[in-house]
Amino acid sequence: MAIDQQRVGDRTPVHDPAEIAKIVSGANLETEQMVLNVGPQHPATHGVFRLLATIDGEVLVDAQPIIGYMHRGYEKLVEARDYRQITNLVSRMDWLSGINNELPLHLCLEKLMEIEVPERAQYMRVVMLEMNRILNHLMFFASFGAELGAITPTFFAFREREDIQLALEMATGGRMHFGFFRPGGIREDVPRGFFAQALKGVRQVMARLDQYEDLLVGNEIFKQRTIDVGVLDKEIAYNYGVSGPIARGSGIDFDVRKDEPYLVYDRFDFEVQSAPNGDCFDRFWVLVREVVESAKIVEQAIEAMPSGPIMGKVPRVIQAPAGEVYVRTENPLGELGFYLISDGDRRPYRLKIRTPSYNNVSVLPHVLKGQMVADMIAILGSFFFVLGDIDR
Amino acid sequence: MPEGYFGQYVTIGIFAIVGTVLVAATLQLSRLVRPNHPTTAKLTTYESGIDPIGHGWSQSNVRYYIFALLFVVFDVEAVFLFPWAIVFEELGTAAFVEMVIFIGILALALLYAVKKRVLEWL
Amino acid sequence: MPVIERGDVGHVRERLDSDFGTRLKDLRINHGHLDVIVQPHDLVELVTFLRDAPGLRFRFFTFLSGVDRSAFGPEDAEDKPHPLEVLIHLYSPDHVLHVTIHVPVDPADPVCPSINRVFAGALWHERETHEMFGIDFDGHPNLSNLYLPEDFEGRPLLKSFKLPSRMVKDWPGAKDPEEAAAGGR
Amino acid sequence: MIPEITLTAWQILLVKIGVILAIVPTMTLVAGYAEHKVMAHLQHRLGPMYPGGFHGWAVLLADGLKFLYKEDIIPERADRRVFSLATFAIFVPAVMVYLVIPVDRSLIVEDLDVGIFYLLAISSVSTIGILMAGWSSANKYALIGALRAGAQLIAYELPIVLSAAVVVMLSGSLSLVDIVEAQNWPFLIWPPGIGLIAFLVFTMASVAELTRPPFDMPVAESEIITGAFTEYSGMRFIFSFFFPEVANLVAFAAIGATLFLGGYQPIVPLGVLEVIPGFVWFTLKTAFMVFLFLWIRPTFPRLREDQLQKFAWKVLIPVTLALILVAGAWVLYAPEALR
């Protein structure tokens, strides 16, 4: 397994007759191992992610993920900013689900400061969170297809994203980083037409998703590429703290929205999708089914949308009293947790950000070992991760 | 003069030359208009954006070699097959039976290869 | 063995109290999560117990990190918290329970046993904590930097590490909303 | 009608060269543009709309011009000579395939009496070029891509050759004109199934031979960038990758139309249809084949290399071997149904 260091450093082809003779005589007939870099500039890695793969022919002997190309040190930066500013900072962690990243911080503050959030704001938050989740999942639906060489789902997914994207843009003015949540509520009430647009978007997704799903899930080639490939064992998933669609694809029936409902998630009728086998197919299947569940939540939330204020009673200066709290939410990619330690200042004393992709990706070497190079791409694609979410 | 049986192949030869000249000429034309500023970074072998580790020439899995051998066997078969395909109608049943035996042997060989699992990639 | 009810963190406290007794300090319930303080040498045992004990099954590894509390609270406070600690959060998916483990380590010689044999997921977290806080994890196979360049100096998440741009002006957003509402923006 | 023009053999040759040099690039541009547009519309989008004004018809010309102005980079560690020779080894065969395809009854550059043999031989020369390109690049992706391409092209060469053998058996000749002439009855349908299965095998193997999705592992961009051509740039890239790919696409479509769809013959032998000139039929059939190839691309995800090999060796080759026997029996014992 160890790479022959001398050979790796040696750039010239073998010319020495003695060495050739040695190779020919069979003393050295084993195939050479090659160190292959996948990333940071590789078409299949979303962002600057690097995988140092040792391959023998087409088989992966070892794979080490190398991260840190876009570490921004948010945990340090937040200590020099007040809570209002952090909202916009943390939404840049997982850039595909900006609004979901904002939530746990506000939940932390609302817990510590004992702020009551009005119902309308809570429902509104749920609508936006779930719409963002659909956006995120459709994105991975697209990219997983693209990685397996199916180009068409990409375009379909992007078309479906657009209507939802438009609704969010109407309300927040942003397409990726919304900055819409405030401690105690949301920034402002939504404009007229928002609900109609949002319903149009999610209903369209629900209506069309089955067809799109058939493009991949129903395809024989897709099944051959994904079933029984990259199996992640349930216990290993627990052990590494894997969460989100990846964990649920391994038969872990685990969703913060159901287990410990925050906001008003306990009032909606939705199911936690999970699949038992832990292979690429199951992970993808869970991801796709979750889009439908999210769409169902959005529909219910809009139907039951109460009227009233959108901001609770919040002091002028956001200043959390001294204390510690851990709040976790179900981000599209898994459990996002903020451990906030406050010493009573307007800035957090320490904010530990537990991002889903970090734990999810750390299990990769375990899953990749012994796989084929072609499967490696399928596995990387099925470990839905966002680089900003790993590196923070 | 490119006529008759031999002449046909002269045409083919000429076309090979024409194709070659076409590529060479376009590459030369491109040389006239394109920039040329080689730098060390540009001339480095591409390896996903970092300095390459080791060399690109390595002994690869022998698996490919077995496929190549199988190919040779079957391609030779194809060479036999074509002349036979034209005339077997006149030669009748005997030639047909001979070919059945020939293909049968090859099919057995393929079956053997499958049983020996050499067609499995891993 | 009594099975602990869903979310009943009080029972966990009793279980820990009876099984680990005096070795655990300060079992508190904080916002529905159990806070435990344990000395480094008891850490691996405690974590293994939490993971395997029937009825507890804290088998989901949430995160591991550190906290530098040396600048916590007012300067002249009476009971200063321990200046440096390792923070571990575990979750029991079966019973929906949380436990936060605080491991005080000596700031002069920060060493803590590695829990990667109990939770393999801790490997990366311990590497990150090592480069950010300078805490050594005894038994970790490879404590090389995860994020920072190899030649980086300093431990960024320690309070003693100042961001260069904050040396001049401590906090650019210091303007009070009250002031802003009254005066210029 | 047409005044008798007598040309010397050399003049004829010049005309032939002119025709081929005009037709091949034009076909390639048209097919390449069709690829853009067909794929775009299959995916609910517009595709190129601006270059040239009308529906972006000039997009490939603009592309070609852009590549002409691009820097040509040969990596330092590459084997320069082999690296540049590979381009020729890939490009030249792609042009030479067109020599023997009968566009109409008398519209053929060279009616070789072993035309089909020539066709199969020349279309597989590019494998060597791809191996040269991959090996000389001294790049890991290129090497993997080249080896994949080599294994794949030889594996799918066989189904093509064997399905062509079926056609030869049914028509009794190696000359492409004779083969087309033999198809004045619905070749594809009669004798029952044989032609149709051979056609399906040929189409599938052609997609693999063209390294197009779902068999595009040798150039799978999400795995190994562009495979053997990772290090190629500028005009060299066009000549070794893009142009041959599309030229071969058209060539295989034309071969398919010739071998299975009756080439320049009308689809059914009806007097009314005979009025339409042969080359129109040929072009329509080739266009149909091209569309088929283009249609497959956005529909399927990519197979894996071992699955592809399994498919060739365990499905296609046994099927064609059996087909040869069935066709032989048919020709011998039920010849009256044929002619």
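Chain identifiers are assigned alphabetically (A, B, ...) following the order of the sequence lines, protein sequences preceding nucleic acid strands; residue numbering begins at 1 within each chain. Bear in mind that the values here come from a model prediction, so they are computed numbers and not experimental data.
Ranked by heavy-atom pairs under 4.5 Å with chain C, the first of A/D391, A/V325, A/I66 is A/D391. Ranked by heavy-atom pairs under 4.5 Å with chain C, the list A/K111, A/H366, A/R328 is led by A/R328. When A/E324, A/E235, A/E335 are compared by the number of non-hydrogen pairs under 4.5 Å with chain C, A/E324 comes out ahead. Counting heavy-atom pairs closer than 4.5 Å to chain A, the top-ranked of the candidates C/T62, C/L148, C/L157 is C/T62. Counting heavy-atom pairs closer than 4.5 Å to chain C, the top-ranked of the candidates A/I236, A/V363, A/V242 is A/V242. With chain A as partner, the option from C/R69, C/R59, C/M132, C/H98 having the largest number of non-hydrogen pairs under 4.5 angstrom is C/R59.
Contacts between A/K352 and chain C at a heavy-atom distance below 4.5 Å involve the side chain alone, from C-beta outward. Within the 4.5 angstrom heavy-atom criterion, only side-chain atoms of C/D35, from C-beta onward, approach chain A. With a 4.5 Å cut-off on non-hydrogen atoms, C/I115 does not touch chain A at all. There is no contact between C/L90 and chain A, counting heavy-atom distances below 4.5 Å. With a threshold of 4.5 angstrom between heavy atoms, A/P315 does not approach chain C through any atom at all. Of the atoms belonging to A/Y69, not a single heavy atom falls under 4.5 Å from chain C. Contact annotation for A/V327: neither backbone nor side-chain heavy atoms come within less than 4.5 Å of a heavy atom of chain C. When heavy atoms are compared at a cutoff of 4.5 Å, A/S342 approaches chain C solely by way of its backbone atoms N, CA, C and O.
Other residues, nucleotides and ligands contribute more than 12 heavy atoms inside 6.0 Å of the CD atom of A/E188. With a 6.0 Å radius and a threshold of 12 heavy atoms from other residues, nucleotides or ligands, C/R117 has its CZ atom at or below the threshold.
Across C/V67 and A/Y349, no two heavy atoms sit closer than the pair CG1-CE2, 4.4 Å. When every heavy atom of C/G66 is checked against every heavy atom of A/R350, the shortest pair comes out as O-NE, 2.7 Å.
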Under the side chain to side chain contact (heavy atoms under 4.5 Å, CB included) criterion, do C/F63 and A/I353 qualify, and how do the steps go?
-> CA-CA 9 Å; C/F63 70 83; A/I353 304 169; over 6 Å; no
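No salt bridge links A/R354 with C/E128; every basic N to acidic carboxylate O contact stays at or beyond 4.0 Å.
Taking the six-membered ring where the residue is Trp, C/H89 and A/Y326 present tilted rings, their angle falling between 30° and 60°. Under the 30°/60° scheme for interplanar angles, the aromatic rings of A/Y358 and C/H125 are found to stand perpendicular.
In this structure, C/W124 and A/P65 have side chains that are in contact, with non-hydrogen atoms separated by less than 4.5 Å. Taking the side chain as every heavy atom from C-beta outward, A/E260 and C/Y91 approach each other to under 4.5 Å. Residues C/F60 and A/I252 fail the side-chain proximity criterion, which asks for heavy atoms closer than 4.5 Å.
Judged purely by atom type and a 3.5 angstrom limit, A/N239 uses its side chain to pair as donor or acceptor with the backbone of C/V118. Side chain of A/K76 to main chain of C/L158: a donor-acceptor pair is present (N/O by atom type, distance under 3.5 Å, no hydrogens or angles).
Taking the six-membered ring wherever Trp is involved, the centroid distance between the rings of C/F119 and A/Y238 does not fall below 6.0 Å.
In this structure, A/Y339 OH and C/T100 OG1 are separated by 4.5 Å, a value rounded to the nearest 0.5 Å. Rounding to the nearest 0.5 Å gives a distance of 8.5 Å between OG of A/S362 and CZ of C/F61.
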